[in-house]
Structures are given as structure tokens and as C-alpha cells.
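All of these numbers come straight from a predicted model, not from anything done at the bench. Labels below follow one simple rule: chain letters A, B, ... track the order of the sequence lines, proteins then strands, and each chain is numbered from 1.
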There are 2 protein chains.
Amino acid sequence: MHDIAAAVGMSRGTVSRVLNGGYVSAEARAAIEAAMTDLGYVPNNAARALKMRRSQAVAFVAHEPHSLFLDDPNIGSIMLGANAALSLADHQMVSLVVESARDNERVARYLSGGFVDGAIVVSARTNDPIIKVISDLALPAAFIGHPPDLAQHIPFVGIDNVGSAVAITEHLVSTGRRRIGMIAAALDRDSGIDRLNGFRDALGPLFDEELIADVPHYDYGSGVKGMRDLLEREPGIDGVFAASDAIAAGALEALREAGRSVPGDVGLVGFDDSTWAVRCQPQLTTVHQPAKELGSCAAQVVLRQLSGETVETTRQLLPTPLVLRDSA
Amino acid sequence: MHDIAAAVGMSRGTVSRVLNGGYVSAEARAAIEAAMTDLGYVPNNAARALKMRRSQAVAFVAHEPHSLFLDDPNIGSIMLGANAALSLADHQMVSLVVESARDNERVARYLSGGFVDGAIVVSARTNDPIIKVISDLALPAAFIGHPPDLAQHIPFVGIDNVGSAVAITEHLVSTGRRRIGMIAAALDRDSGIDRLNGFRDALGPLFDEELIADVPHYDYGSGVKGMRDLLEREPGIDGVFAASDAIAAGALEALREAGRSVPGDVGLVGFDDSTWAVRCQPQLTTVHQPAKELGSCAAQVVLRQLSGETVETTRQLLPTPLVLRDSA
């Protein structure tokens with residue numbers, strides 16, 4: 001910094017303001033930037049982060065097992081939505097994959113280490129250690145989705161899973177289905193539990209505990225398995241709510257195996273409106289999940305905290321319209 | 001550090017060795033770690049990174065447009081393979097998405113800023129600015145795939161795209177196909193160009209320039225479009241090499257629309273052996289790409305450089321067996 005100041009004949013304070021974002025005249029800035037280029041100056045960001053307590057980086061923590069990360073196009077869309085918003089604000093998104101308990105501990109250490117200014121967390125579980133880490137550090141953060149034990153003061157963005165599940169289930173009922181089952185997934189998370197609750201609420205007296213297949217993940221393989229179970233338990237099943245489009249695609253495969261037509265014999269609906277929905281034959285009637293918007297909204301919530309704003313609305317639910325196609 | 005040393009009655013040097021990984025007796029380590037917990041000590045990694053010049057983090061740079069990141073299951077598998085290997089060695093993988101020119105510049109700044117010790121780069125293009133950045137910084141790195149202008153001294157891991165394309169094309173010929181086309185993708189990258197070259201080499205006199213559909217990405221939508229083009233140009237086409245399984249899945253859709261059976265009327269082969277291959281009806285004959293191994297191999301190449309080893313083998317090609325299923 002001393003060399004640059006000497007080269008342009010200005011004070012170190014002026015050079016520092018160029019580096020750290022204070023007010024400098026356009027001429028001074030141009031001269032200093034030219035000198036930085038001439039002298040081959042590269043800012044050491046680890047040093048600046050230490051000094052400024054800012055890294056200009058925001059973590060994106062994707063807490064997903066292997067299969068889901070690959071099979072669920074939502075995660076990718078959420079990530080790209082967050083990246084676009086952070087990129088516009090000149091922040092680097094660093095995405096951290098949590099696959100094992102070992103990853104979990106290391107990510108916690110990383111978040112505490114001053115490498116990032118904030119964090120976006122997708123699909124945290126109940127009792128997720130990441131919640132405690134973020135709360136203890138008071139790290140500016142936004143969750144996507146809402147684990148039931150999330151501290152009140154941590155903002156989140158999400159969708160109304162209960163209401164969306166009610167709406168899509170009511171659609172199935174309105175098409176005349178009476179023996180309606182659900183392939184319920186991810187019951188260790190708010191999204192999974194809420195979709196099941198909405199389904200139960202909407203069916204009322206038509207609800208039958210026997211027609212719930214409980215599968216671990218929102219993926220294709222779980223859909224195949226869940227549908228086979230349901231067909232075995234109730235060959236007369238005539239409607240199915242799959243907790244995701246990938247699950248619905250798997251269910252469609254199992255129905256085809258069993259010689260059942262969709263929507264002729266069985267009405268089938270999904271959740272997400274991902275690329276799965278339009279690739280299926282027939283295309284899926286489903287709930288549109290605004291994945292990209294969830295990512296960008298969460299990023300903005302973090303950026304607003306970083307800019308010193310008090311984030312009043314800690315709870316933001318984005319709309320989820322039904323998309324009616326051919327499967328029900 | 002002073003407080004911890006005082007609390008346990010040991011020297012600051014001993015405390016420092018616990019923090020920075022030198023030799024310490026098991027008893028001393030236990031006492032110091034207990035004191036760190038009692039005193040609420042959290043290491044500031046940005047400070048340590050500055051001092052040690054080590055962040056224990058390795059970047060994973062995924063250079064992909066939106067659609068590919070979502071549609072190509074290879075990227076996810078490569079990333080998880082890299083994460084598993086880095087995690088075992090207690091390094092944090094930070095994944096950086098490059099979607100725009102703006103992202104590219106910022107990622108370059110991030111890599112130069114001392115936040116990571118090394119980088120794994122997937123699917124770099126010809127003239128990719130990231131190559132110059134890594135070369136100028138002498139950052140320990142491994143590329144997955146091989147842009148033609150990659151500096152000699154930068155290690156890469158990959159597959160033999162030419163040889164693999166020759167093998168799968170020869171398989172098509174061996175099944176009696178004579179009017180064989182290719183849906184070629186990503187011709188701005190070594191993988192795309194090499195697959196096209198292998199196809200041309202294998203066909204020899206059967207090769208017909210008219211039967212090449214050139215599409216931008218390795219994705220489903222490109223497959224639908226490419227296959228429609230080929231059918232329009234040559235209704236008598238009886239064999240197709242799709243440059244990826246996702247493209248083959250799209251091609252299958254376009255063939256179904258046009259009333260052509262697979263493999264009856266048209267033999268169809270893909271590339272990757274991803275989840276697409278087994279989800280198609282019929283399942284795809286394809287080339288197995290060892291995606292997870294590519295990720296873990298690249299991570300090991302970076303870790304070896306970080307441990308001070310000279311990496312002699314800068315070029316590593318992993319095997320790609322043919323997988324014969326029902327589509328050809």
C-alpha cells in the first residue's frame with residue numbers, strides 16, 4: 001500500500017479507501033488502480049478478511065445425501081438462484097456439501113472460521129447441529145425451509161407445504177378418486193411432515209393410514225418402491241399424491257409395470273414442477289415450487305443483514321400455484 | 001493462546017503445535033483441548049490462513065451453464081467424489097459456480113485471495129480465463145477434462161473420449177446399422193470435439209457430414225432438437241450416437257414422436273452411464289464414465305501437491321467400459 005501511495009503521490013488513507021470501498025474521487029481511483037496494475041498488486045483477501053472482518057463470501061450449505069443431490073433438480077435451481085443474487089451484489093457463493101457426520105463437523109468449523117460473512121442453509125433437519133452453530137456465532141443467515149426447532153430470530157424463506165398439499169389433494173378428490181394414497185418422503189424434515197399433514201387434512205374421512213407409503217428420499221427409486229408397496233396393500237387404489245415429481249416419475253414406472261394406466265386407472269400428482277414433471281408420459285399435474293426464487297430470496301435476506309439492515313420479516317412464504325397437466 | 005498456555009501450565013509453543021498440527025503428547029493435547037473448550041476458544045481461520053498460508057479448503061470450480069448443471073448428473077457425481085476424498089483428508093471443499101462472465105472474474109479474484117489452498121476445475125473451455133489465473137498463481141490444481149490450451153505443467157484427470165467414441169460407434173456398426181448419425185454437443189470443449197473425432201474415425205467411409213447434428217449442451221432438450229433435425233435430413237437413419245445419455249433420452253422422445261421404434265428401427269447409444277441410461281425405455285447401451293472416481297482422483301492429485309509431493313503423472317486417464325443394454 002505504501003508503494004502505491006508513493007507512486008501516485010497520495011496518502012495511504014486514500015489508497016486504503018480505494019481498496020476497502022470508502023469515498024474517493026474518480027480521478028484518484030483511476031490513478032490508484034493504474035498504479036496497482038503497474039506494481040502487480042494483488043490484495044490478500046485472507047488478510048483483508050481478518051482486518052475488515054469481511055470475506056465477501058457467503059456459504060450455501062446443501063445438506064443432502066448423495067442420491068438426492070443428484071436426483072432433485074430443486075437443489076440445483078435454488079443454488080443457481082442464490083448464486084445469481086449474490087453475484088449481482090459482488091459476493092462469492094461458496095457451496096459446502098454436507099454428506100456425512102464428518103462433513104457436518106468440518107462445515108461447522110469452517111463457518112466459525114471467518115471464511116464467510118453469512119450462510120444460506122437448505123433442507124436442514126430437526127436437531128441439525130448447523131442450527132446451533134449459526135445461532136451461537138450470530139452469523140447472518142437465511143434458511144430455506146423451516147426445521148421445527150429453528151430459533152425464532154433466524155430468518156427463513158419457504159413455501160406453505162401444508163396448504164399446497166391440501167390444494168393438490170383436493171384436486172385429486174375433485175376428479176372423482178376415492179381410494180387415494182400418498183408416497184410420503186423425508187419425514188425427518190418440515191417439508192415432508194407438512195405435505196403429509198396437508199394430505200391428511202384435505203382427505204378428512206377418506207384418509208386411510210394404510211395408504212401411506214413412507215420412503216426416505218424425494219427420489220425416483222423411492223417412488224418405484226413406494227408405489228409397489230401401495231399396489232400390494234390396496235390393488236384398488238385410484239389416486240396417488242407423490243411427495244415430489246421425481247417420486248411421481250418412479251411411481252409411474254411401477255404403475256406401468258403393474259399394467260395400470262395413468263390417468264385412466266390411477267390419477268397421479270407430484271410436487272415441485274421440476275423438469276421431471278414435463279419429461280414424464282403423461283406429463284404431471286403438480287405444485288409449482290419457485291426454486292430459483294427461493295434461492296435468490298434467501299440470498300437477499302443475507303445481503304440485507306450484511307448491509308446492516310434489520311431484517312424484520314423473518315418468515316417469508318412464496319406462492320405455489322397448481323399446474324394442471326395430464327396425469328390427473 | 002496465552003490464556004490457554006497459562007491455564008494448562010504449558011508453553012505457548014505446545015499450544016501452537018496442538019493448533020497447527022505438530023507433535024504433542026496425547027496427555028498434553030487432551031489438557032489443551034479441554035482448556036480451549038473451557039475458555040471458549042474458537043480459532044480464527046482467516047488469521048491462521050494468513051499466518052500458515054493454508055486454509056485447509058480446496059475449491060471445486062464447476063464451469064457450467066444453468067441447464068447443464070441441472071441436467072447432467074455427472075457434475076453431481078464428480079463433486080461428491082471430490083468431496084469424499086477431501087473430507088477424508090480433513091479439507092473443506094468449497095464449490096464455486098461459474099455461470100456468467102461476472103462470476104468468472106470474481107472466482108478468479110477469490111482463487112487469488114488466499115481463501116483456498118488448491119482447486120479442482122471441471123469442464124473448462126478453450127481460452128478459459130481460469131487456466132491463466134491458476135497458472136499465474138501456481139495454485140495446486142487438477143483439471144477434470146483437458147482443454148487443448150491447458151499448460152503442460154497443470155495436472156489433469158480424464159477419460160479417453162476419442163477411444164470411447166470409437167468403441168461405441170463400432171458397436172453400432174457391428175449391429176448392422178449403415179446410416180449412422182451423431183448428435184454432437186459441446187464442441188467448444190475437448191470432450192465434445194474428441195467424441196465427434198472418434199465417431200468420424202470409427203465410421204471411415206460410412207461417415208456422412210450431413211448426419212451430424214451440432215447442439216450446444218449435453219442435455220435432454222438438445223437431444224429432442226438434434227434428433228428432430230436428423231430425422232428431417234435423413235428419414236432413413238438407422239443408428240444414432242448421442243454424445244450423452246441425457247441427449248439420448250431426448251432423442252428417444254423425438255423418435256417416439258416420429259413413430260420410430262428403438263432398437264427395431266433405430267439403434268441408439270449414449271455416453272456416461274448416468275441415471276438417465278437406466279431410466280430410459282428401452283435402457284441405453286452406453287459408455288461408462290467413472291464420474292465419482294474422476295472427482296476423487298482429481299482431489300487426490302491436489303492433496304498430493306499440498307503435501308509437498310511432486311506430482312509426476314500429470315495426465316491420468318481412467319477406464320471407460322462399454323455397457324450393453326437394450327437400445328442398440
To the nearest 0.5 Å, how far apart are CZ in A/Phe115 and CD in B/Gln56?
9.0 Å
Checking B/Ala59 against chain A: side chain, backbone, both or neither under 4.5 Å from a heavy atom?
neither
Cut-off 4.5 Å, heavy atoms of chain B, and the answer for A/Gln281 is side chain
Any idea which heavy atoms bring B/Val122 and B/Phe60 closest together, and the distance?
CG2-CZ, 3.3 Å
Contacts of A/Ser87 that satisfy side-chain hydrogen bond (donor to acceptor under 3.5 Å, both in side chains) - sequence neighbours left out
B/Asp103, B/Arg106
Got a sec, which residues hit salt bridge (Lys or Arg N to Asp or Glu O under 4.0 Å) with A/Glu257, two or more places apart in sequence or on another chain?
A/Arg228
Name the region of B/Glu253, side chain, backbone, both or neither, that has any atom closer than 4.5 Å to a heavy atom of chain A.
side chain
